[in-house]
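Bear in mind that the values here come from a model prediction, so they are computed numbers and not experimental data. In what follows, residues are counted from 1 in the order of the sequence shown.
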Amino acid sequence: MSPLFSSVVFSDIDGTLVHYLKHMKVSGSVVEVHPSNFSYVPGGSSSAEDRADGGQMAPLEPSSQPPSAVEAAAGSETSYREETSGAVPLEALPPSSTGLVGYVPASLKDDVNALKDSCGARFVLVSGARWPTVRGRADALPRAEAYVSEGGGRIFYRNEDNEWTEDLQWRRVHGSDDEAQDPPVLREPLRQLAAQLREHGVTIDDKSYETMFRVPNGIDQWPVDLPPGVSVTTNLGHTDVSLETAGKGNATRYLMEQFGVPRSAACCLCDDDNDLPMMREVGIAFVVQCTSESVAALCRESASSSTNTSNDGRICCVAMPEGGPAGTVAAVASAKRWLASAAVGAS
């Protein structure tokens with residue numbers, strides 16, 4: 001690998017690295033090895049009944065994921081998807097601010113460290129969660145060179161002394177020259193929109209958010225018009241409303257510029273609609289599991305295309321057939337092998 005080669009892996013958190021029991025049963029099963037010690041076994045049901053009971057899986061047709069799709073994305077005859085079989089030991093994370101307990105593959109930290117060491121890659125965590133939740137999970141997740149919260153609205157860095165600093169230049173992109181208040185206060189026009197929705201009986205989660213708020217379980221019909229400067233995405237069945245200047249795509253592009261990394265040396269791990277802007281910015285997206293039909297459709301389209309990198313708005317993506325935590329393990333391995341190939345091509 002060339003010493004001048006620089007690369008980056010962006011990774012969503014929930015549904016990509018962190019999985020929940022009610023969702024894992026859609027793509028596999030969870031077995032209790034001994035009290036509070038779980039493993040995930042790929043190959044569960046993807047029935048409509050299971051999805052209605054909390055899962056959000058949009059299953060791909062087997063014919064939509066031929067190995068040739070991975071080979072085309074890599075630009076060679078080498079398969080960049082590593083099949084994962086058997087049980088995947090899980091590790092529980094601290095509960096979120098809403099009390100949810102998530103699980104990650106027990107090997108996740110070691111797997112990501114191996115990726116970073118072998119490819120000289122930076123690792124960036126990108127989440128729709130509020131900053132206190134992301135910070136509270138940081139020690140249980142792989143160490144990252146940047147931490148993006150609120151779906152791209154806020155960016156933080158952690159030094160060797162474990163001290164946190166926020167990217168104030170990125171804050172200025174949203175029109176703020178000040179550091180965030182403690183606790184954060186929702187910014188306009190989001191604050192007024194949230195108040196209007198509450199008047200119409202819509203449940204709003206804006207606690208400790210500044211650049212976005214969440215509508216739990218989604219919203220089918222908007223009772224008010226969306227103001228200018230606001231964008232809407234979906235995430236594991238929820239609706240996220242954010243500043244237009246934020247968003248995962250904008251944050252991804254900004255960090256690639258800061259790191260000096262081209263699209264051809266950037267990839268992402270993802271699963272849902274709110275990851276689509278991030279997927280457009282990188283060379284290839286490794287989809288841990290398709291938690292929306294739109295992402296599944298993109299994977300089917302990409303599998304039938306000879307395009308080997310995302311460009312001109314076209315997304316190159318590869319779905320991991322295992323899903324769940326096994327899909328996480330496969331996606332990290334796939335990213336490692338793809339970046340190794342990109343480094344060889346750049347040398």
Side-chain angles (χ1 to χ4, degrees), residues 9-46 50 53-57 59 65 79-96 98-119 121 123-127 129 133-134 136-144 147 236 267-272 286-291 318-339:
V9 179
F10 296 91
S11 180
D12 173 51
I13 297 181
D14 284 339
T16 298
L17 301 183
V18 179
H19 303 272
Y20 299 93
L21 294 177
K22 70 176 183 179
H23 296 143
M24 284 190 280
K25 73 174 185 179
V26 179
S27 58
S29 58
V30 178
V31 297
E32 189 169 15
V33 180
H34 55 74
S36 300
N37 190 333
F38 298 92
S39 287
Y40 170 84
V41 180
S45 168
S46 292
D50 278 346
D53 189 35
Q56 302 291 331
M57 197 68 64
Q65 309 172 66
S79 175
Y80 287 84
R81 177 195 298 141
E82 289 193 356
E83 301 292 337
T84 301
S85 60
V88 177
L90 302 176
E91 181 177 306
L93 269 61
S96 70
T98 57
L100 285 176
V101 176
Y103 297 83
V104 298
S107 65
L108 181 61
K109 286 185 178 181
D110 289 340
D111 292 344
V112 170
N113 285 337
L115 180 156
K116 294 168 68 173
D117 291 342
S118 65
C119 302
F123 188 70
V124 177
L125 289 169
V126 185
S127 175
T133 297
V134 175
R137 288 177 166 182
D139 289 340
L141 294 171
R143 192 174 183 95
Y147 297 77
L236 294 177
C267 65
C268 74
L269 315 179
C270 54
D271 72 302
D272 207 351
F286 295 102
V287 181
V288 169
Q289 55 192 5
C290 296
T291 52
V318 179
M320 303 296 105
E322 302 89 342
T328 299
V329 174
V332 173
S334 298
K336 177 182 175 183
R337 299 175 68 179
W338 183 81
L339 287 175

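We find the CZ-CG distance between R137 and D14 to be 4.5 Å, quoted to the nearest 0.5 Å. Taken to the nearest 0.5 Å, the CD1 atom of I13 stands 11.5 Å off from the CG atom of D271. Interatomic distance, CG of L339 versus NZ of K116, reported as 13.0 Å (0.5 Å rounding). Atom CG of L108 is separated from atom OG of S11 by 8.0 Å, given to the nearest 0.5 angstrom.
Between G324 and V288, the shortest heavy-atom contact is O-CG1, 3.6 Å. Heavy-atom minimum distance, A326 versus P42: CB-CG, 3.6 Å. For the pair V101 and L93, the tightest heavy-atom approach, listed with the atom from each and the gap, is CG1-O, 3.8 Å. Across all their heavy atoms, C290 and A319 have their closest contact at SG-CB, 4.2 Å. A pairwise comparison of heavy atoms in A138 and Y147 identifies CB-CE2, 4.2 Å as the closest pair. Annotation for Y40 and E322: closest pair OH-O, 3.6 Å, computed over non-hydrogen atoms.
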Residues F286, M320; criterion side chain to side chain contact (heavy atoms under 4.5 Å, CB included); working and verdict: CA-CA 7 Å; F286 295 102; M320 303 296 105; 3.9 Å; yes
Stepwise side chain to side chain contact (heavy atoms under 4.5 Å, CB included) check, L125 with L17: CA-CA 10 Å; L125 289 169; L17 301 183; 3.5 Å; yes
H19 vs L90, side chain to side chain contact (heavy atoms under 4.5 Å, CB included): CA-CA, chis, key distance, verdict: CA-CA 10 Å; H19 303 272; L90 302 176; over 6 Å; no
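Of the possible donor and acceptor atoms, one in the side chain of Q289 sits under 3.5 Å from a partner among the backbone N and O of G15. Side chain of T328 to backbone of T16: a donor-acceptor contact under 3.5 angstrom is found.
A search for side-chain contact (heavy atoms from CB on, under 4.5 Å) contacts involving A114 returns K336, not counting sequence neighbours. Under the rule for a salt bridge (Lys or Arg N to Asp or Glu O under 4.0 Å), D272 has no partner lying at least two apart in sequence or in another chain.
The shortest distance between side-chain heavy atoms of V18 and L141 falls below 4.5 Å.
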